[in-house]
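First listed ligand is number 1; within each ligand, the first listed atom is number 1. Positions are given from 1 along the sequence.
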Amino acid sequence: MSLLFLSLLLFVLWAQPTPAAPSTIQKHSFKVDRVRNPDFKRRNVPRELSRAYQKYRMPIPQDLLLSLDDGLQVDSQTDREALNALDLAHLDSPLPQGAKNTIGKVWATPVNEGIEYISPVSIGDQTLNMALDSGSADLWVFSTELPALSTVAHQAYNPSLSPTFKRINGHNFSITYGDGTSASGYVGTDTVDVGGVAVTDQAVQLATYVSSAFLRDSYLGGVLGLGFSQLSSVKPVKPESFFENVMPSLAQPLFTVDLRKDAVGSFEFGFVDNSKYSGMLAWIRANTTKGFWQVSTAGFTVGNNRTRLRPAQAIIDTGTTLMLVSVKMADGYYRHVPGARRSRAAGGVTFPCNTTLPDFVVDVGGAYAARIRGSDINVGWFQDGMCFGGIQPTAWPFQVWGDVFFRSQFVVFHGGNRSLGMASHD
Ligand SMILES: *[C@@H]1O[C@H](CO)[C@@H](O)[C@H](O)[C@H]1NC(C)=O
Ligand SMILES: *[C@@H]1O[C@H](CO)[C@@H](O)[C@H](O)[C@H]1NC(C)=O
Ligand SMILES: *[C@@H]1O[C@H](CO)[C@@H](O)[C@H](O)[C@H]1NC(C)=O
Ligand SMILES: *[C@@H]1O[C@H](CO)[C@@H](O)[C@H](O)[C@H]1NC(C)=O
Ligand SMILES: *[C@@H]1O[C@H](CO)[C@@H](O)[C@H](O)[C@H]1NC(C)=O
């Protein structure tokens, strides 16, 4: 299976069109389907929820803490292969000189059983696998100054080996989450290149301390935020995020996100590939006052049943796995799923795996109805024939739409007019 995946990936590398000027971008459509192992038992699902709680600095509910058992350590062979292939993907696709800083493209490979997507990012002369995260603005990496134990399973950035690294004196960062996990360290600048678009003096935050929860995530060399600088945890002056810095040099001031279930997707900078979606893009003005890419939502439809709700804010977040919605929305959706229930053991809603989930159609800014495929809402086996729901309720005053949303929707993040373009993938 792994070999099949690798050869499919190589085929894609081979089939990748040479990047051209944006006006002459070739249409290309390719799909790498990674075949899921039917015997695979998913044990670490509650962690997906806990990550979101950590990220948004919300205390983790007791039920969820109880369910965070020894299933946390995951290490599948396929993901290792994917990682190796990623390195290849990076090395084998140099952009021609002329195209530098006009457009760029980077693969996004699902790892950790689809909990997150990682992409190769060059910092100075070193390449790390990082999560590209539209829900934050920090660019932080594991550094070689962490105790050796912390980096044994991780890639880590070594500033002393990078000729272009410069430390910013007097600046540091500290991210603390609701459950007490944290990362902190100092700040410098280096050249950061994502798929051929580069920023020469990008602020890079070097973790010199990380708490144990981060260490379990052995795929991740760091996080690259694509939100706005208000969100940065750097003190005393918040630096511009990578996207803010790179925007002026792009052919168009935007990036697009194409994430797939069980397949390699991509982030693209500076152009919109029309072959990635069907129909027309709907444009929705984004609310970025808090630094997030945020929209309002006022209802949803399941089958023929349309429910209007008071408008709520939703953060569009590639760095979160699930789709966290209001309790009314989640209950309204799972009412249509026989056998669905809130499970203490899972810390969230589960449903019988043999159920076919209905699509979830959610209002975006009163301008667009985004259809989330039922198959994308099944995020996998939990236990005893029950599967974990990709839509989960949250009592927070805002919603977070993560990868479950992106697997069904192609999204354009337009920094010029601060709006989001959306269309169905297929
Ligand atoms: C970060 O810098 C502030 C002052 O700018 C200082 O109070 C704080 O202790 C520093 N934190 C770390 C982790 O170095
Ligand atoms: C933002 O710009 C894009 C591309 O020029 C355009 O199609 C879209 O309508 C604009 N968005 C809004 C909300 O006006
Ligand atoms: C924009 O977002 C902020 C912060 O979440 C919120 O308070 C405000 O009401 C939003 N504005 C609109 C027009 O929805
Ligand atoms: C439609 O949704 C509403 C609110 O979610 C619910 O009260 C009602 O029972 C649903 N109707 C059907 C036919 O499912
Ligand atoms: C699903 O499986 C359960 C037993 O595990 C069975 O009772 C139920 O009828 C099945 N439902 C469907 C739709 O196959």
Below 3.5 Å only, please: the N or O atoms of ligand 3 paired with protein N or O atoms, distance on each line.
| from | atom 1 | to | atom 2 | distance (Å) |
| --- | --- | --- | --- | --- |
| ligand 3 | 2 (O) | Asn287 | OD1 | 3.2 |
| ligand 3 | 2 (O) | Asn287 | ND2 | 2.4 |
| ligand 3 | 2 (O) | Thr289 | OG1 | 3.4 |
| ligand 3 | 2 (O) | Gln294 | NE2 | 3.2 |
| ligand 3 | 5 (O) | Gln294 | NE2 | 2.9 |
| ligand 3 | 11 (N) | Asn287 | ND2 | 2.8 |
| ligand 3 | 14 (O) | Gln313 | NE2 | 3.1 |

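Residue pairs meeting the disulfide (SG to SG under 2.5 Å) criterion with at least one member in residues 397-426, sequence neighbours excluded, do not occur.
In this structure, Arg371 fails the cation-pi test against Phe360, since its NZ or CZ atom is not both closer than 6.0 Å to the six-membered ring centre and inside 45 degrees of the ring normal.
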Applying side-chain hydrogen bond (donor to acceptor under 3.5 Å, both in side chains), run through Ser233 and Lys238 and close with a yes or a no.
CA-CA 7 Å; Ser233 73; Lys238 295 177 188 295; over 6 Å; no
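Near Ser419, meaning under 4.0 Å from any of its heavy atoms, are these atoms of ligand 2: 1 (C), 10 (C), 11 (N), 12 (C), 13 (C).
At distances below 3.5 Å, not a single donor-acceptor pair connects side-chain atoms of Thr320 with backbone N or O atoms of Leu322.
Not less than 6.0 angstrom separates the ring centroid of Tyr157 from the ring centroid of Phe142.
The aromatic rings of Phe388 and Phe382 lie tilted to each other, with the angle between the two planes from 30° to 60°.
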